[in-house]
Engineer: 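Structure incoming, see below.
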Amino acid sequence: MAARRAPKGPATRVRHLLALDASTVMARFAARQDSMVGLFSRLRDRAPMLSVLDTRFDTITFGELSLLEPVEQRAVSRFHEVLGELRWYLAYTEDMPLQVQTRLTGSARRLEAAFRELVATIGPPEADGARVLEVEVVSKAGRRPRPSRPG
C-alpha cells in the first residue's frame with residue numbers, strides 16, 4: 001500500500017483556498033456568535049455582525065471557479081448562498097435582538113450543514129493537500145477477489 005500526494009495543480013490550490021476561507025468564516029462565526037447580538041443590541045450597529053461573516057470568496061474569478069468539477073462548484077455555491085442569505089438578513093433586518101438571536105441559531109445550523117457538504121466535496125483545508133492512497137484488495141487466502149457485478 002503506497003501513499004502518494006495528489007498533484008498540486010491550480011484546481012487543488014483553488015480547492016484549498018476555498019476550504020480555508022470557509023473554515024475561517026465558520027470558526028469566526030462559532031467564536032463570536034453569542035457576542036454578535038449583544039453588540040447589535042448595545043450599539044445598534046450592524047457592522048460587527050457582518051464583519052464576523054466576511055469572506056474572501058467575493059474576490060475569486062470565474063476562471064478560477066471553472067477549474068473545479070461541477071459537483072464541487074455546486075457545493076461551493078451552496079455554502080456561499082447560505083452565507084449570503086445570512087449576510088443579507090443581518091444587513092437589512094428590522095428585527096429586535098431576541099429575534100435576531102433566534103434567526104442566527106437557525107442560520108448557524110444551515111451554514112454548518114452547507115459547510116460539511118463543502119468539506120466533504122472539496123476536502124478540508126490542509127497545508128500539504130489531500131493524501132491519495134493506492135491500495136489493492138487481497139483476500140485472506142492471498143487470492144484477489146473477483147469483482148462484484150452491479151446488481
Side-chain angles (χ1 to χ4, degrees), residues 1-135 137 148-151:
M1 180 167 30
R4 67 177 172 86
R5 296 280 178 200
K8 294 203 178 13
T12 301
R13 289 189 286 275
V14 169
R15 282 182 201 97
H16 180 260
L17 288 172
L18 287 168
L20 185 61
D21 181 54
S23 180
T24 301
V25 168
M26 293 303 294
R28 197 178 324 118
F29 183 45
R32 299 180 186 163
Q33 182 178 350
D34 292 336
S35 62
M36 288 169 68
V37 176
L39 287 171
F40 173 62
S41 179
R42 191 164 32 98
L43 304 174
R44 291 294 183 213
D45 183 8
R46 299 163 194 275
M49 292 189 301
L50 294 170
S51 68
V52 168
L53 302 173
D54 279 346
T55 176
R56 293 186 178 94
F57 180 74
D58 298 336
T59 63
I60 196 165
T61 66
F62 187 79
E64 291 163 329
L65 287 174
S66 70
L67 296 172
L68 302 177
E69 295 298 320
V71 68
E72 295 169 329
Q73 294 167 350
R74 279 190 300 275
V76 169
S77 178
R78 173 74 179 131
F79 175 78
H80 286 283
E81 182 65 28
V82 173
L83 183 62
E85 288 172 8
L86 178 55
R87 287 184 56 80
W88 175 268
Y89 169 76
L90 293 175
Y92 299 107
T93 187
E94 294 182 6
D95 290 343
M96 290 285 111
L98 184 57
Q99 182 61 32
V100 171
Q101 180 64 51
T102 302
R103 186 84 176 255
L104 270 179
T105 301
S107 294
R109 284 192 296 270
R110 286 188 298 283
L111 194 58
E112 182 63 37
F115 177 68
R116 281 193 309 271
E117 176 188 343
L118 175 73
V119 169
T121 305
I122 68 172
E126 298 179 22
D128 295 333
R131 293 189 91 169
V132 176
L133 297 177
E134 292 179 8
V135 299
V137 178
S148 62
R149 295 180 3 180

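Quick note: residue numbers are just sequence positions, from 1. Keep in mind that the numbers below use all heavy atoms, side chains included, and drop hydrogens, waters and symmetry copies.
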Engineer: Is any side-chain heavy atom of E64 closer than 4.5 Å to one of L17?
Structural biologist: no
Engineer: Out of curiosity, R15 CZ to E72 CD, how far, rounded to the nearest 0.5 Å?
Structural biologist: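 Nearest 0.5 Å value for the CZ-CD distance: 4.0 Å.
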Engineer: Can you name the one residue among R32, R87, R28 that meets side chain to side chain contact (heavy atoms under 4.5 Å, CB included) with L53?
Structural biologist: R87
Engineer: Which pair of non-hydrogen atoms, one from V71 and one from T121, has the smallest distance, and what is that distance?
Structural biologist: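 Shortest heavy-atom contact: O-CG2, 3.7 Å.
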Engineer: Does the T93 side chain pair with the main chain of L90, one donor and one acceptor, at a distance under 3.5 Å?
Structural biologist: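 Checking the backbone N and O of L90 against the side chain of T93, no donor-acceptor pair under 3.5 Å is found.
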Engineer: Which pair of non-hydrogen atoms, one from V82 and one from A114, has the smallest distance, and what is that distance?
Structural biologist: CG2-CB, 4.2 Å
Engineer: Tell me the closest heavy-atom pair linking P125 and S23, and the distance in Å.
Structural biologist: CG-CB, 3.8 Å
Engineer: Identify the two heavy atoms, one from L67 and one from V14, that lie closest to each other, and give their separation to 0.1 Å.
Structural biologist: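 Smallest interatomic distance, heavy atoms only, reads CD1-CG2, 4.0 Å.
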Engineer: For residues 48-78, which residue pairs qualify under ring pair (Phe, Tyr, Trp, His ring centres under 6.0 Å), counting only residues two or more places apart or in two chains?
Structural biologist: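 Checked against ring pair (Phe, Tyr, Trp, His ring centres under 6.0 Å) - neighbours excluded - the pairs reaching residues 48-78 are F57-H80.
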Engineer: Quick one: do L118 and L18 satisfy side-chain contact (heavy atoms from CB on, under 4.5 Å)? Show the steps, please.
Structural biologist: CA-CA 9 Å; L118 175 73; L18 287 168; 5.6 Å; no
Engineer: If we only count heavy atoms from C-beta on, is the L39 to D45 side-chain gap below 4.5 Å?
Structural biologist: no
Engineer: Nearest 0.5 Å, please: how far is CG in D21 from NE2 in H16?
Structural biologist: 11.5 Å
Engineer: Which atom pair, heavy atoms only, marks the closest approach of F79 to A22?
Structural biologist: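 Heavy atoms of F79 and A22 come nearest at CE2-CB, 3.6 Å.
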Engineer: Taking side chain to side chain contact (heavy atoms under 4.5 Å, CB included) as the test, write out the residues that go with P124, two or more places apart.
Structural biologist: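 Side chain to side chain contact (heavy atoms under 4.5 Å, CB included) check on P124 returns V119, E126.
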Engineer: Does atom CZ of R46 have more than 12 heavy-atom neighbours, drawn from other residues, nucleotides or ligands, at distances under 6.0 Å?
Structural biologist: yes
Engineer: Does any part of the side chain of L104, heavy atoms only, come nearer than 4.5 Å to the side chain of Y89, both counted from C-beta?
Structural biologist: no
Engineer: Do S66 side-chain atoms and G63 backbone N/O form a donor-acceptor pair below 3.5 Å?
Structural biologist: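 It does hold such a pair.
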Engineer: If only atom types and distance count, is the side chain of T24 paired as donor or acceptor with the main-chain N or O of L20 below 3.5 Å?
Structural biologist: yes
Engineer: Does NZ or CZ of R44 fall inside the cone over F40's six-membered ring, less than 6.0 Å from its centre and within 45° of the axis?
Structural biologist: yes
Engineer: Compare every heavy atom of D95 with every heavy atom of Q99, then report the nearest pair and how far apart it is.
Structural biologist: CG-OD2, 3.4 Å
Engineer: Within this structure, what is the CZ-CD distance for the pair R74 and E69, rounded to the nearest 0.5 Å?
Structural biologist: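 Interatomic distance, R74 CZ to E69 CD, rounded to 0.5 Å: 10.5 Å.
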Engineer: When you look at CG of L98, are more than 12 heavy atoms from neighbouring residues, nucleotides or ligands closer to it than 6.0 Å?
Structural biologist: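 Open: at most 12 neighbouring heavy atoms sit under 6.0 Å from CG of L98.
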Engineer: Quick one: does any side-chain atom of Q73 pair with a main-chain N or O of L68 as donor and acceptor, under 3.5 Å?
Structural biologist: yes
Engineer: Measure the CD-CG distance between E81 and L86 for me, rounded to the nearest 0.5 Å.
Structural biologist: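 One gets 12.0 Å once the value is rounded to the nearest 0.5 Å.
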Engineer: Side chains of R110 and S107: is there a donor and an acceptor less than 3.5 Å apart?
Structural biologist: yes
Engineer: Quick one: does T105's side chain get under 4.5 Å of Q33's, heavy atoms only?
Structural biologist: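 Of all side-chain heavy-atom pairs linking Q33 with T105, at least one is under 4.5 Å.
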